[in-house]
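Working notes, beginning with the structure itself.
Per chain, numbering begins at 1; letters A, B, ... match sequence-line order.
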Amino acid sequence: MNVNSNGYTYTFATVMVVLVAVLLSGASLGLKSKQESNVKQEKMQSILASVGVAVDRDEAQAAYDEVITKVLTIKGGEVVSEDRETAFNVDMAKAIKSSNMEREVPLYVANKNGESFYIVPMRGKGLWGPVWGFVSLEEDGNTVVGANFGHKSETPGLGAEISTPMFTDQFPGKKISEAGIFQSISVVKQGTSSGDYAVDGISGGTITSNGVNDMLADCLAPYAEYFKNI
Amino acid sequence: MSTEVKQKESLFSKKNRKLISDPFNDNNPITVQVLGICSALAITVKLEPAIVMSLSVVFVMAAGNVIISLIRNLIPNRIRIIVQLVVVASLVILVDQFLKAYAYDVSKQLSVFVGLIITNCIIMGRFEAFALANGPWKSFMDGIGNSIGYGVILIAVAFFRELLGSGALLGFQVIPDSWYIANGGFYANNGFFLFPPMALIVVGLIIWAQRAKNTKLIEEN
């Protein structure tokens, strides 16, 4: 057999591609449920972390069921659904593509030690890939209680600092609207923030900081109408 | 007719053992062949990802070398690089999928670097230079040897970078808190160690130390 003939080369390539495709899709299907449950539990952890509840991944589901009392779907300032699963499974990457009033976005209502909180999910663009996060608000739907951010591939030491306490610790106490008018929270150049509506960005991580700034404005806005009426 | 039976080489003959031991010192992929430097710079800020990266490379390299060696007589010469690439890419994707399912936190830390194992020149280099010409067992030993030789340097660099850059090892603080200037002490972490150039300098120092000890590595001028 001539392993260098054209016919053999094509056959070899075809067989190889089919074998590898079967192997990889098999592995992907087999591990999918485990991977998805990891992602789901991590999302629950992040939601809980934004109201200061830190749990291990294994306990995330139980704690989530206990702390998160309601999950609403909001569209144009109105509640369109109260189904927990529907809201939890909203794909934020898709949702942010439609305009503020058009999109259907989830709002998590938490109850911790008798106090209620609202938790707003967000998603936006960083320098290298998507950034996301959760911002929790007090019962008034205005004062920030906590925030946490995640990112896919921001630069370690620069843009990736958005997920560290150094950045997120600035958020508690900030406000998102003034006398009923939505303001958002600006992420400004490091060392120049003042007042209730701005936080310091990351020096050296300007594009990521701007991404977070845009994300806050874009993702808090759809809820402004709803918070006005509570 | 000769009744002589060809003496079968034992699995751990001196020659085979040399395949594993050589890459530790005389023929280390990083310090002597200067391959795989990119990942040595990128993921050595902390010890844990460096260890996981090393283990992943050990697996990919050993399994890849064996697979290539098993099919070495079937591979059409003209597409052999593509075949090697497909083998290493499939193995890397498998590692990535398993990490995502069973070591989620680690997989998040390694993020893009797992994918970059594919481009690790050591792996393709060993496929091309060794596995295509040798049997599976030898290729296996060669793969283990080279990937551990790579891992040892990676872990050594990460050890110094995490210790001096963050004052910790595997995430545990080892420099006492009271030493720090913030707490009235005299010590400060060296932030430079967190940046890639310092990895290059540490690798350079390791090469220096190695050549000082192992004089046969010194090139004649």
Just wondering, are more than 12 heavy atoms of other shown residues or ligands nearer than 6.0 Å to [atom1] in [X]?
X: E66(A); atom1: CD; result: no
X: K43(A); atom1: NZ; result: yes
X: W208(B); atom1: CH2; result: no
X: I207(A); atom1: CD1; result: no
X: F88(A); atom1: CZ; result: yes

Under 3.5 Å donor-acceptor, Y8(A) side chain and L74(B) backbone: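 Such a contact is found between Y8(A) side chain and L74(B) backbone.
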For N4(A), does its backbone N or O pair with a side-chain atom of N77(B) as donor and acceptor, under 3.5 Å? no
Tell me, for V83(B) versus chain A, whether the close heavy atoms (under 4.5 Å) come from the side chain, the backbone, both or neither.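 Both parts, backbone and side chain.
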Identify which of L23(A), N2(A), V39(A) forms the greatest number of heavy-atom pairs closer than 4.5 Å to chain B.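 Greatest number of close heavy-atom pairs with chain B: V39(A).
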Yes or no on side chain to side chain contact (heavy atoms under 4.5 Å, CB included) for L24(A) and L94(B), after CA distance, side-chain angles and deciding distance? CA-CA 7 Å; L24(A) 291 185; L94(B) 282 181; 4.0 Å; yes
If I compare all heavy atoms of V20(A) with all of V86(B), which pair ends up nearest, and what's the gap?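 Taking every non-hydrogen atom into account, CG2-CG1, 3.7 Å.
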In short, N38(A) meets A101(B) closest at the heavy-atom pair ND2-O, 3.0 Å
[X] side, atom [atom1]; [Y] side, atom [atom2] - distance, nearest 0.5 Å:
X: I79(B); Y: M16(A); atom1: CD1; atom2: CE; result: 5.5 Å
X: E42(A); Y: Y104(B); atom1: CD; atom2: OH; result: 4.0 Å
X: Q97(B); Y: K32(A); atom1: CD; atom2: NZ; result: 10.0 Å
X: R78(B); Y: N6(A); atom1: CZ; atom2: CG; result: 5.0 Å

Answer with side chain, backbone, both or neither: which region of S5(A) has an atom nearer than 4.5 Å to a non-hydrogen atom of chain B?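 Interface part for S5(A): backbone (N, CA, C, O).
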